[in-house]
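Every chain is numbered from 1, with letters handed out A, B, ... down the list of sequences. Keep in mind the model is a prediction, meaning the values are calculated, not measured.
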Amino acid sequence: MRPKIIKMKIETIIQSAVQEAVTELYYFSPDVTQIQVQNTKKDQKGDITIVVFPFVRISKKSPEETGREIGNYILKKVNSVESFEVVKGFLNLNIKNEYWINGLVSSFNESTFGIAEHSEDTKTVMVEYSSPNTNKPLHLGHIRNNLLGYSISEILKANGNKVIKTNIVNDRGIHICKSMYAWQQWGSDRTPENTGIKGDHLVGECYVEFNNHYKAEVDELVKQGMTEELAENNAPSMLAVREMLRKWEAHDLETIQLWHTMNGWVYKGFDETYKKLGVDFDKIYYESETYLVGKDEVLRGLDENIFFQKDDSSVWADLTGEGLDQKILLRSDGTSVYITQDIGTAKMRYNDFSIDKMVYVVGNEQNYHFQILAVLLDKLGFKWGKDLYHFSYGMVELPSGKMKSREGTVVDADDLIEEMISVARNMSAELGKLESLSQEEAENTFRMIALGALKYFILKVDPRKNMLFNPAESIDFNGNTGPFIQYTHARIKSVLRKAAEKQIELTIDIDIKELSTKEKELLKTISLFPEVVKDAGANYSPAIIANFIYELVKEYNQFYHDHSILLEEDAARRNFRLVLSATVAKIASSGMKLLGIEMPERM
RNA sequence: GCCUCGGUAGCUCAGUUGGAUAGAGCAACUGCCUUCUAAGCAGUAGGUCAUGGGUUCGAAUCCCGUCCGGGGUACCA
């Protein structure tokens, strides 16, 4: 067993050295926040930079002189520092090559470099994502949600948490009844089997059908002189749907059966899409099973005077003490509202698992909702209520603007994935790639590339921001894209295969002294990976991972272009470059895995 | 109205707790395959960081105002 080596980061060592230096030189102990240790900018000489300005006031000397004095001190105290240079107010330190090479060796050696393992104090985090309605198929908006949810789960795991992925399916309510009613009314012989239409799409079609008929009815009534509001509430199909919902809540057998059947179609369809997207769940909750629990919780709250009742017998929470408004929890007729089921779901989760932290991956239009939910759960006594984390992400917009289901301007998830695969297939044929692979292997690679492109495109942008998806342009395979990263990986794997063919074995005895600029850059970037994973976890941001991997493989491609690997005659250097390549491939893969993106061996 | 998030190159996006000359990709133009995969590499061009003030050695970043845009503010979900 290898003893556990506690490797101190060079930044940390330097930071305390600076503190020491300033204390000893100027008799003043600076605050840690004043000591800025950062990576030297690419266009400057040096590896680590210390900003001198904050100490000028203490030293009462020029920035240059202060920098020199601190630099000299560090040079004497920190072994890894080779030399330094002061440019303006910046102290640039050169770190010994040995240090970077040691870093490479450990990242090459450690199978889980940068990925934390579970420990004694592992926290259990539950991540809720996806959360679809069962009245229509998944679209691009859901894709962003699913990819973010899956990725953030992986990132939290990589930061040492135990993660339970969960999904709350909205399987009840008036919108589901609309699809059911349309099916009954305008073609009750349709099934996914006899129409050949995927179940969720069939139900979605019914939903659209309903809206078209309904709209026609409303228009007709308005033409007859009714006000719009009245017409909307009195259109025959709306009345029928309300009756259907009433029957559902009264457990009417026929209604429940139809509901089961149609939801079954939808689930089967969803499962296919989830599988294609490569996302999954450890536990799925259904709103039909949680909303009554929520209602009970609200009534308990009423009992315990946490909530109050108005004269019309509706139940409310007074959140004015928290700087929020009053919030309705049960309607005057006793039925539950949206937030009621969230309380119920929370309660069930609370009973089912020992959760330390709850993360909800839900769009930013629900910021207010989750602010309220946090307060309500806290009032009701759930320990993680107050600090639940709403992973609030921005919308996906199209060049034409917002996606609207009712206007048919949504990008369907299944269609999009198929289209991406077909683009990957054509692109491959055009480039004359993968001809040596079997049909099956080739298809699998097209799938990886297509999904890599889609996932990376979506995950590379800051989740908090709205993003634009242009179907015509977004399916790019060059530049800052998933396929670019996959391609670099395939290239490295190809080199490694050839090395193996030539019986060249990789060894961790790196016996070189000199490093080229590109080689050193790569070593420096590699060393950042663990920090990047932590950063991504702390900020709930797959984008941080994505941008890092891009940076890494971009640098690798420059290195690859400028240096021979297998043709290098010096065996030690050749070995170094092979280890370097293998490590880049490994880190890129493990980073992409955190994004849910697979890496092909060849492409 | 109030709350909230945003505005960086023609387009899509990065930009660390405030640090050096604001960076990538796409699109445009120009080079590089007899050599480990050209889905690559190199170069040219492209900016009043919405705007006006303030804080300071230093602001795309922090504070205040203004303009523009998204979202929220339901007995919808």
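- A:Gln366 comes within contact range of at least one nucleobase, with a heavy-atom separation under 4.0 Å.
- Between A:Arg425 and A:Glu443 there is a salt bridge, with a side-chain nitrogen of the basic residue lying less than 4.0 Å from a carboxylate oxygen of the acidic one.
- Annotation: ring-ring contact (aromatic ring centres under 6.0 Å, His included) contacts of A:Tyr181 (sequence neighbours excluded): A:Trp186.
- Look at the C1' atom in both B:G6 and B:A60: the space between them is 14 Å, to the nearest Å.
- Where stacking is scored as ring centres under 5.5 Å apart with planes under 30°, A:Tyr560 does not register as stacked on the base of B:G40.
- For A:Asp325, counting side-chain heavy atoms from C-beta on, the closest listed nucleotide (B:G70, B:A77, B:U73) is B:U73.
- Base engagement by A:Asn92 is indicated by at least one non-hydrogen atom pair under 4.0 Å involving a base atom.
- A:Ile565 comes within 4.0 angstrom of a base, heavy atoms only.
- Across all strands shown, B:A50 forms a Watson-Crick or G-U wobble pair, both distances under 3.5 Å, with B:U66.
- The separation between A:Leu468 atom CG and B:G69 atom P is 17 Å, rounded to whole Å.
- Results of the side chain to side chain contact (heavy atoms under 4.5 Å, CB included) test with A:Ser428 over A:Thr445, A:Leu434, A:Val423, A:Leu437 single out A:Leu434 as the only residue that passes.
- To the nearest angstrom, P of B:G71 lies 9 Å from CD of A:Glu365.
- Rounded to whole angstrom, the span from the CG atom of A:Asn39 across to the P atom of B:U17 amounts to 14 Å.
- When both distances must be under 3.5 Å, the Watson-Crick or G-U wobble mate of B:C2 is B:G72.
- Its glycosidic angle being more than 90° from 0, B:C13 falls on the anti side.
- Across the P atoms, B:G19 and B:C32 are found 41 Å apart, a figure rounded to whole Å.
- Backbone-only engagement by A:Asp462 is indicated by non-hydrogen atom pairs under 4.0 Å involving sugar-phosphate atoms exclusively.
- Nucleotides B:U12 and B:A27 are separated by 15 Å at their P atoms, to the nearest Å.
- Both thresholds, 5.5 Å between centres and 30° between ring planes, are met by A:Phe53 relative to the base of B:G19, so the two rings are stacked.
- Within 4.0 Å (heavy atoms only), A:Met395 reaches sugar-phosphate atoms of the nucleic acid but no base atom.
- Across all strands shown, B:C26 forms a Watson-Crick or G-U wobble pair with B:G10, both key distances being under 3.5 Å.
- Among the heavy atoms of the strands lying under 4.0 Å from A:Ser428 is at least one base atom, whether or not backbone atoms are also near.
- As judged by a 4.0 angstrom heavy-atom cut-off over every strand, A:Asn470 is placed among residues making no nucleic acid contact.
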